[in-house]
Undergrad: 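Before I ask anything, here is the structure I am working with.
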Amino acid sequence: MRTSRASKLSSNGGTMVSTMPQSKSTGTSSAEMYGARQVEDGVLFVAYFPQAGKVQLAGDFNGWQPDKNPMKRNEDGSWQTKLRLSKGVYRYRLVVDGQWQQDPYNKITEPNPYGELNSVIRVS
């Protein structure tokens, strides 16, 4: 895998930003690997933050408590966790090295009471 830009985590107005790797063979974005998606035995959350020291998941499914769902770092710099969630619509945010932010790999968002965006996933 190679990256389209430097694999660097930077701060942009308080939001942590990551660059997205590209497939070496096709040069296409690997975005389909990241974000939140329903899998056979739960919902898989994957984000790419290669320079992060800690990534956590907070949402209405865990009382917005990031310590309840830390994400595990993979060798390629991505982070992931899998949760069993009942059918429904869930709002969540990532906490990257203490910075709360929407999931940059999930285009489905809605405003929250703090003037920011929550990411949204529907489980069927």
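Atoms considered below: every heavy atom in the structure, side chains included; atoms not considered: hydrogens, waters and symmetry mates. Because the structure is a prediction, the values reported are computed rather than measured.
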Undergrad: Which pairs with one or both residues in residues 112-124 pass salt bridge (charged side-chain N to carboxylate O under 4.0 Å, His left out), sequence neighbours excluded?
TA: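 Matches after skipping sequence neighbours: Arg93-Glu116.
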Undergrad: In the hydrophobic clustering that connects Ile, Leu, Val, Met, Phe, Trp and Tyr at side-chain heavy-atom distances below 4.5 Å, which members other than Val89 occupy its cluster, ordered by chain and number?
TA: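 Same cluster as Val89: Ile108, Val120.
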Undergrad: Val39 and Tyr48: same hydrophobic cluster, using ILVMFWY side-chain contacts below 4.5 Å?
TA: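 Per the 4.5 Å side-chain linkage, Val39 and Tyr48 are co-clustered.
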Undergrad: A side-chain contact here means heavy atoms from C-beta on lying under 4.5 Å apart; do Gln102 and Leu94 qualify?
TA: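 Counting from C-beta outward, Gln102 and Leu94 never come under 4.5 Å.
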Undergrad: Would a hydrophobic clustering, with Ile, Leu, Val, Met, Phe, Trp and Tyr connected at side-chain separations under 4.5 Å, put Leu117 with Leu57?
TA: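 Leu117 and Leu57: separate clusters.
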Undergrad: Roughly how far, to the nearest 0.5 Å, is CD of Gln80 from CE of Met33?
TA: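 The distance works out to 10.0 Å.
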Undergrad: Grab the two heavy atoms, one from Ala58 and one from Val95, that are nearest each other, plus how far apart they are.
TA: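 Taking every non-hydrogen atom into account, CB-CG2, 4.5 Å.
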Undergrad: Search all heavy atoms of Trp79 against all heavy atoms of Ala52 and return the closest pair with its distance.
TA: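 So the minimum-distance heavy-atom pair works out to CZ2-O, 3.3 Å.
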Undergrad: Just by distance, do the side chain of Asn62 and the backbone of Gln65 share a donor-acceptor pair under 3.5 Å?
TA: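 Confirmed, Asn62 side chain pairs with Gln65 backbone.
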Undergrad: Using residues 40-47 as the side-chain source, report each donor-acceptor pair under 3.5 Å to any protein atom, sequence neighbours left out, with the distance given to one decimal.
TA:
| from | atom 1 | to | atom 2 | distance (Å) |
| --- | --- | --- | --- | --- |
| Asp41 | OD1 | Lys82 | NZ | 3.1 |
| Asp41 | OD2 | Lys82 | NZ | 3.2 |

Undergrad: Please answer whether the main-chain N or O of Gly53 pairs with a side-chain N or O of Asp97 as donor and acceptor at a distance below 3.5 Å.
TA: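 It does hold such a pair.
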Undergrad: Any non-hydrogen side-chain atom of Gln38 less than 4.5 Å from a side-chain atom of Ser124?
TA: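 Contact flag for Gln38/Ser124 side chains = yes.
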Undergrad: Could you tell me which non-hydrogen atom of Thr81 sits nearest to which non-hydrogen atom of Met71, and how far apart they are?
TA: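 Closest approach of Thr81 to Met71: CG2-CG, 3.9 Å.
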Undergrad: Do Asp76 side-chain atoms and Ser78 backbone N/O form a donor-acceptor pair below 3.5 Å?
TA: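 Here the side-chain-to-backbone pair exists.
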Undergrad: Applying side chain to side chain donor-acceptor pair (under 3.5 Å) to Asp67 and Gln56, what does each step give before you reach the verdict?
TA: CA-CA 7 Å; Asp67 290 336; Gln56 300 164 290; 2.8 Å; yes
Undergrad: Using a 4.5 Å cut-off on heavy atoms from C-beta on, say whether the side chain of Tyr92 contacts that of Asp60.
TA: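 Result no, sub-4.5 Å side-chain heavy-atom pair not found.
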Undergrad: Give the minimum heavy-atom separation between Ser119 and Asn106, together with the two atoms involved.
TA: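 Reported closest heavy-atom pair: CB-ND2, 4.0 Å.
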Undergrad: Does any N or O in the side chain of Arg73 come within less than 3.5 Å of the main-chain N or O of Pro50, such that one atom is a donor and the other an acceptor?
TA: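 Yes, because the side chain of Arg73 sits within donor-acceptor range (under 3.5 Å) of the backbone of Pro50.
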